Amino acid sequence: MIKAVRGTRDLLPPETGVWNFVEATVREVFRAYNFHEIRTPIFESTELFARGVGEETDIVSKEMYTWEDRGRAESDKGQSLTLRPENTAGVVRAYVEHKLGDRGLQKLYYIGPQFRRERPQKGRYRQFYQIGAEVIGPTAAGSESPARDAEVLTMLADLLDRLGVREWRLELNSVGCKDCRPRFNEALRRALTEPDENGVTLASQMCGDCQRRAVTNPLRVLDCKVPEDQPMIATLPRLSDYLDDGCRTHFAGVTAVLDALGIAYTRNERLVRGLDYYTRTAFEFTHGALGAQNAILGGGRYDGLSEAIGGPPAPGIGFAIGEDRLVMTLAESAAAAGYAAVAPVAYVAPLGAGMNAPAAKLVRELRAAGLVVDLGDETFKIKKSFEGAERVSAKYIVICGEREFAADAFNVKELATGEQVTVPRTELAGKLRR
RNA sequence: GUGGGAGUAGCUCAACUCGGCAGAGCACCGGUCUGUGGCACCGGACGUUGCGGGUUCAAUUCCCGUCUCCCACCCCA
């Protein structure tokens, strides 16, 4: 048997109803904040991700689905293409390519599959779905303002509340900018790798991963979870002490709005993000029901990303929601269940040879009237038609035999009560609607 | 990429310890019941025991390999 490949899966009804509920709610909430949808290609030039996401990140260095696309002619050199591992780089590429900055501040959102070749586990798939949004534009359009960060965070809080997600937590930090972060990085590196009076470095006493990170990416030492390392991490320089005035003021601007709106957050000094492009504001919304993959969504500001891929200065802030994980937290949401459980109002049961055609005509009329109607088959015995109606949870069954079509009036039976009435064709849609 | 657990009917699970015809419940299909359902009874189909190899007269069972899922690390959403 041919099966879905490792790390991919089929989404089946009724669960697809929950996904539709999520996406419909997303579109509604994002629209209220005046975001517009953008759809970018599923694959892009490999170079986009190498430059945008960062050559040194795990995503680019070992998790991408990359292949050589053959050239047009035999002699042409092929082009390296990659299935998108995230969507921000694609959106910024489109922003640059279409000079969207000339139209002012852009508020864009996307919903779609992303691909990373990781070992699958709960809440982690090789094809997974992200819902994301980006605010990006020229500085003059206000793209750098902390008001935009706060607006994005507020929108997310609204979305989670509207979806019925309970017990989410917002963790917030500022990771500094291209000016102050290198200073902090250097201080961190020194603290980790400079020998003390006994000639011993701090890093050498930490776990293997941290010893490696101390050299390659000291920032990541901060979110090490090895218990033995925690006391040593506590002695390291604090990012907040190294933020320059601009970053400090910016962060204060974000929290001032959140405080005024009563949106709860936790300052997490050790929240650093894995993609190179993040600057200043970094955040995560977490949820307890997700096991080790507890981040429902993450995001932050990326003021240098446009330049990194060869575009004009275009500060921005965005996030990505792990839709698979979000749906997991919605298992008990009444709103999602209600949305998913839409049943047809009626099941039309043609009874006897030659009844399929007139029944099809009748059903088409009802559907045109805006009703959700299902249809049986003339070969079904009446018992089987009732079972079919039960199976799809129809409210009514409409019996359509030769007698009914002759009289142009139909027996309508409410399945739950057993109540049955005869209704003329012209009044049928009205009866079913009640 | 690393470590641990698990794969038997569409679903939930037995049988495995100590090798001897692969089973139950639910679901499915048909009938009793020809145009009024849900119940009941009777019957049916249920399977390459994840896949491949080995040991054996005989393997779901023991051994080896492999794949997939789950959990954790890692990473991230």
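None of these values were measured; they are calculated from a predicted model. Proteins come first, then strands; the chains are lettered A, B, ... in the order of their sequence lines, and each starts at number 1.
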Revision key, fill the gap. Sequence neighbours excluded, the answer for side chain to side chain donor-acceptor pair (under 3.5 Å) partners of A/His36 is A/Asn34
Point to revise | Residues which pass side-chain contact (heavy atoms from CB on, under 4.5 Å) with A/Tyr242, listed by chain and number, not counting sequence neighbours | key: A/Phe184, A/Ala187, A/Pro237
Exercise for review: May I ask you to say what A/Gly298 touches in the nucleic acid, namely base, sugar-phosphate or nothing, with a heavy-atom cut-off under 4.0 Å?
Suggested key: sugar-phosphate
Review point. Does CZ belonging to A/Phe43 count more than 12 external heavy atoms closer than 6.0 Å?
Key: no
Check your understanding: Under 4.0 Å between a Lys/Arg side-chain N and an Asp/Glu carboxylate O for A/Glu97 and A/Arg93?
Key -> yes
Practice item. Tell me, please, which residues at least two apart from A/Glu63 pass side chain to side chain donor-acceptor pair (under 3.5 Å). Key: none
Atom pairs under 3.5 Å: protein N/O with N/O of nucleotides 38-46 of chain B:
residue: B/G38; atom: OP1; partner: A/Lys383; partner atom: NZ; Å: 3.4
residue: B/G38; atom: N1; partner: A/Leu415; partner atom: O; Å: 3.4

Point to revise | Integer-rounded Å distance: B/C74 P and A/Asn294 CG | key: 12 Å
Check your understanding: Quick one: A/Glu56 CD to B/C74 C1', roughly how many Å, whole number?
Key -> 17 Å
Practice item. Keeping the roles fixed (side chain from A/Asn173, backbone from A/Val175), state whether a donor-acceptor pair exists under 3.5 Å. Key: no
Exercise for review: Using a heavy-atom cut-off of under 4.0 Å over every strand shown, decide if A/Leu297 touches base, sugar-phosphate, or nothing.
Suggested key: sugar-phosphate
Practice item. Summarise how protein sits on nucleotides 67-73 of chain B as a single string, 5' to 3': B when a protein heavy atom is under 4.0 Å from the base, S for sugar-phosphate-only contact, - for no contact. Key: -SS-SBB
Check your understanding: Are there more than 12 heavy atoms of other residues, nucleotides or ligands under 6.0 Å from atom CD of A/Glu186?
Key -> yes
Practice item. Rounded to whole angstrom, note down the P distance from B/C29 over to B/C74. Key: 49 Å
**Study point:** Separation between the C1' atoms of B/C67 and B/C76, rounded to whole Å
**Key:** 26 Å
Exercise for review: On the 0 to 90° scale, with breaks at 30° and 60°, tag the A/Phe30-A/Phe35 ring pair as parallel, tilted or perpendicular.
Suggested key: tilted
Review point. More 5' along RNA chain B: A/Arg116 or A/Ile382, using each one's nearest nucleotide?
Key: A/Ile382
Review point. Going by modelled atom types, is there a donor-acceptor pair between the base of B/G35 and the side chain of A/Glu402 at under 3.5 Å?
Key: no
Review point. Quick one: which of B/U36, B/C76, B/G30 gets closest to the side chain of A/Lys384?
Key: B/G30
Review point. Where is the tightest heavy-atom contact between A/Ile397 and A/Ala389, given as atom of each residue plus distance?
Key: CD1-CB, 4.1 Å
Check your understanding: On a whole-Å scale, what distance lies between the P atoms belonging to B/A24 and B/A14?
Key -> 16 Å
Practice item. Between B/C62 and B/G38, how far apart are the P atoms? Round to whole Å, please. Key: 47 Å
Review point. Using 4.0 Å as the upper bound for N to carboxylate O, is an ion pair formed by A/Arg280 and A/Asp149?
Key: no
Point to revise | Given B/C76, B/C75, B/G35, the nucleotide with the shortest approach to the side chain of A/Arg325 | key: B/C76
**Study point:** Separation of the P atoms in B/G43 and B/G25, to the nearest angstrom
**Key:** 12 Å
Study note, to complete from the structure: Considering only heavy side-chain atoms of A/Arg117, the closest of B/G1, B/G35, B/U36 is B/G1
Check your understanding: Starting at CD1 of A/Ile59 and ending at P of B/G1, how long is that distance when rounded to a whole Å?
Key -> 17 Å
Practice item. Would you check if there is a donor-acceptor pair between the side chains of A/Thr8 and A/Gln127 at a distance under 3.5 Å? Key: no
Revision key, fill the gap. Annotated structure of RNA chain B as dot-bracket, pair cut-off 3.5 Å, Watson-Crick or G-U only, | for inter-strand, is (((((((..((((......[..)))).(((((.......))))).....(((((..]....))))))))))))....
**Study point:** Sugar-phosphate, base or nothing in reach of A/Glu284, heavy atoms under 4.0 Å
**Key:** nothing
Check your understanding: B/C51 and B/C11: how far apart are their P atoms, nearest whole angstrom?
Key -> 14 Å
Exercise for review: For B/U12 and B/C73, measure between their P atoms and round to the nearest Å.
Suggested key: 26 Å
Check your understanding: With a 4.0 Å cut-off, would you call A/Arg148 and A/Glu151 a salt bridge?
Key -> yes
Review point. Hey, which of these two, A/Arg403 or A/Gln130, hits RNA chain B nearer its 5' end, going by closest nucleotide?
Key: A/Arg403
Point to revise | Gap between atoms CG and P, on A/Leu219 and B/C75 respectively (whole Å) | key: 13 Å
Check your understanding: Using a distance-only test with no angle check, is there a side-chain donor-acceptor pair under 3.5 angstrom linking A/Thr266 and A/Asn268?
Key -> no
Check your understanding: Taking atom P in both B/G52 and B/A9, what distance in whole Å separates the two?
Key -> 16 Å
Practice item. Determine the contact category for A/Lys62: base if any of its heavy atoms lies under 4.0 Å from a base atom, sugar-phosphate if only primed atoms, P, OP1 or OP2 are that close, otherwise nothing. Key: nothing
